[in-house]
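Presented below is the structure to which this report refers.
Here the structure is a predicted model, which is why all the values come from computation and not from measurement. Values below: all heavy atoms of this structure, side chains included; hydrogens, waters and symmetry mates excluded.
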Amino acid sequence: MTTPVYQNFINGHFLKNQSGETFAVKNPATDDVIYYVEVADAFIQNAAIQSAKQGFAAWSTMSPIERSRILLKAVALLRERNDLLAKIEVLDTGKPWQEAECVDVQTGADVIEYFAGLAPAQVGQQQMVGEDFYYTRKEPLGICAGIGAWNYPLQIACWKSGPALAAGNAFIFKPSEETPLGAIKLAEIFIEAGVPAGVFNVVQGAAEVGQWLTQSADIEKVSFTGEVGTGKKVVASAAGSLKDVTMELGGKSPLLVFDDADISQAVSAAMLGNFYTQGEICTNCTRIYVHKNVYQQFIDELKTRTEENIIAGDPLDPNVNFGALISKKHQQLVMSYIDKGISEGATLLTGGKTLSPASAPNGYFVAPTVFIDCTDDMTIVKEEIFGPVMSVLTFDDEDDVIRRANDTHLGLAAGVFTKDIKRAHRVIHQLQAGICWINSYGNSPAEMPVGGYKQSGIGRENGIETLDHYTQTKSIYVGMTNIESPF
Ligand code: NAD
């Protein structure tokens with residue numbers, strides 16, 4: 001059987017590049033090349049811009065309610081094709097089918113549905129100024145670009161394109177070179193639903209194609225999801241044409257477990273916030289601060305549940321709840337952090353090794369890993385690992401743990417477990433993070449704005465305010481009186 005080769009998706013169809021350059025995509029659970037993808041060369045890049053200009057002209061002049069109807073058709077198609085799309089996500093990312101089947105496509109569809117609903121409700125203002133008045137219009141920005149990470153490929157494409165398209169923009173999306181197929185399927189669905197050609201183009205490639213997007217003077221905004229270091233490069237490059245930016249970057253988020261917390265619930269949150277999607281989630285609570293009075297109980301239950309309930313293996317097996325990391329390189333990076341944890345004096349409670357499960361012996365697995373006896377200055381406590389590695393620390397003073405939790409340049413997420421309602425709010429209000437949970441962890445519904453404080457991001461995705469990030473306000477002053485002129 002020949003291995004498929006996917007072209008870039010431009011102006012409503014696949015378009016062959018001229019350079020002939022391709023890259024391979026591997027299934028992280030098998031180490032097999034599953035398909036090839038053509039790189040977006042200069043010919044494709046130019047075609048993407050020309051087609052987006054035409055797409056924008058058609059789409060931005062439709063009424064918001066027309067756009068809304070079309071987007072809702074795309075939502076229905078996404079839901080109809082859930083299993084097919086979820087399987088693509090499993091093969092590309094190595095995450096368990098168990099998750100992809102009920103989360104990845106659904107949460108992507110939810111966000112497009114949410115913004116499709118909001119689009120017709122976005123209104124300008126009108127105000128009298130003496131006898132004159134002004135009014136404002138919310139106009140789309142033009143051509144916007146999205147650059148995605150590999151952990152939730154289709155969901156990221158939906159979370160970026162949903163508000164962008166609802167507001168009337170055209171969009172050029174570059175998925176991660178590790179997981180390029182989901183975005184193509186979304187592009188096909190948009191066309192099938194009736195989105196005009198050119199409104200959503202997909203360009204493929206790695207950093208170079210991303211750099212082109214951030215530099216292009218034809219693009220008004222870039223919405224980026226990825227590492228902090230890459231985000232800084234994107235912002236610097238976007239500054240050359242004064243683009244608007246949304247940055248969804250990394251984190252090293254704290255979870256504070258007080259001594260009155262429901263400990264089983266807190267363990268559930270810690271496990272979800274470190275082992276779901278094999279730890280490759282930006283909001284993960286990789287620093288768990290546990291009150292000294294409940295520390296032993298917490299780590300005893302954590303160890304038992306981690307060792308007994310996590311099933312690593314072929315991610316397509318519905319019983320498997322723990323998949324493979326995205327690449328061999330990433331597996332090695334995560335293992336190098338584990339080695340640092342050991343050499344810097346942390347104690348392994350469990351895990352700390354690669355896995356080779358019988359059903360997926362060549363996959364890039366790392367065992368769910370918990371370090372105890374951690375201190376705030378350890379590398380594993382300070383740096384984002386983006387794998388299944390949890391660091392547990394202890395505390396006995398509220399003010400002190402808040403200070404320690406905030407002692408980082410990152411500020412994506414945070415959580416608190418306590419039954420004391422006053423403490424819950426008092427503590428969470430002091431934590432420097434954009435996405436916070438009380439007695440919960442990880443849920444991110446379409447309605448709730450998400451984004452980072454400090455170096456974890458700029459701007460927000462989801463929630464009503466995101467529509468503002470994809471529109472610009474035009475003020476129109478209307479003279480009802482004669483102009484008084486000194487000339
Ligand atoms: P990455 O920064 O390596 O790559 C992200 C994207 O940027 C890819 O598409 C890549 O091709 C592209 N890229 C690389 N160099 C570029 C450049 N110079 N200019 C423009 N584009 C460039 O990140 P990753 O490894 O794909 O993803 C993991 C990271 O993403 C983690 O740090 C994680 O925390 C973060 N993340 C954040 C969120 C969030 O919402 N805050 C969500 C998911 C992932």
Under a 4.0 Å threshold between the charged nitrogen and the carboxylate oxygen, would K95 count as salt-bridged to D104? yes
Exactly one candidate in I172, V222, I143 meets side chain to side chain contact (heavy atoms under 4.5 Å, CB included) with L213; the answer is I172
Donor-acceptor pair, distance only, cut-off 3.5 Å: does the side chain of S359 make one with the backbone of D314? yes
N151 side chain near I326 side chain, heavy-atom distance below 4.5 Å: no
Evaluate the side chain to side chain donor-acceptor pair (under 3.5 Å) criterion for residues E99 and T277: first the C-alpha distance (whole Å), next the side-chain angles of each, then the deciding distance (0.1 Å), finally the verdict. CA-CA 8 Å; E99 294 180 13; T277 316; 2.8 Å; yes
Option among K160, E461, E248 that satisfies the side chain to side chain donor-acceptor pair (under 3.5 Å) test with T225: K160
Start with the C-alpha gap between Q106 and N82, add the side-chain angles, then the distance that decides, and say whether side chain to side chain donor-acceptor pair (under 3.5 Å) holds. CA-CA 7 Å; Q106 298 300 327; N82 182 72; 3.1 Å; yes
Does F322 reach the side chain of I311, with side-chain heavy atoms less than 4.5 Å apart? no
Over all atoms of both residues, closest heavy-atom pair of F371 and I380: CD1-CD1, 3.5 Å
Measure the spacing between NZ of K26 and OG of S327 and express it to the nearest 0.5 Å. 9.5 Å
Could you label the plane-to-plane angle of the F173 and F171 rings as parallel, tilted or perpendicular, counting under 30° as parallel and over 60° as perpendicular? parallel
Could you tell me if the side chain of V392 sits less than 4.5 Å from the side chain of D373, heavy atoms only? no
Lys/Arg-Asp/Glu bridge criterion (N-O < 4.0 Å) met for E227, K232: no
Suppose we call two aromatic rings close when their centres sit under 6.0 Å apart. Are Y35 and Y6 close by that rule? yes
N362 and T30: CA distance, side-chain angles, deciding distance, side chain to side chain donor-acceptor pair (under 3.5 Å) verdict: CA-CA 5 Å; N362 300 324; T30 62; over 6 Å; no
Residue pair Q7 / H13, side-chain heavy-atom distance below 4.5 Å: no
Main chain of A166, side chain of R67: is a donor-acceptor contact present, judged purely on distance under 3.5 Å? yes
Would you mind reporting whether C144 and Y470 have side-chain heavy atoms less than 4.5 Å apart? yes
Heavy-atom count around Y36 OH within 6.0 Å, excluding the residue itself: above 12? no
State whether E383 and K252 are salt-bridged, where the test is any N-O pair (Lys NZ or Arg NE/NH1/NH2 against Asp/Glu carboxylate O) under 4.0 Å. no
Taking K243 for the side chain and S216 for the main chain, is one N or O donor matched with an acceptor at less than 3.5 Å? yes
Look only at the side chain of S268 and the backbone of S264, and say whether a donor-acceptor pair between them is shorter than 3.5 Å. yes
I189, L77, L181 screened by side chain to side chain contact (heavy atoms under 4.5 Å, CB included) with L85, the one that passes: I189
Charged N-O contact under 4.0 Å between K328 and D31: no
Check for a donor-acceptor pair, side chain of E89 on one end and backbone N or O of L154 on the other, with a separation under 3.5 Å. yes
Are the aromatic rings of F386 and W150 close, with centres under 6.0 Å apart? yes
Check R79 with E113, please: is the shortest side-chain N to carboxylate O separation under 4.0 Å? yes
Would you say the side chain of N274 lies within less than 4.5 Å of the side chain of P368, judging by non-hydrogen atoms? no
Carboxylate-amine/guanidinium contact K382 D377, below 4.0 Å: no
Within a strict 4.5 Å, meaning less than it, do heavy atoms of the I184 and F14 side chains meet? yes
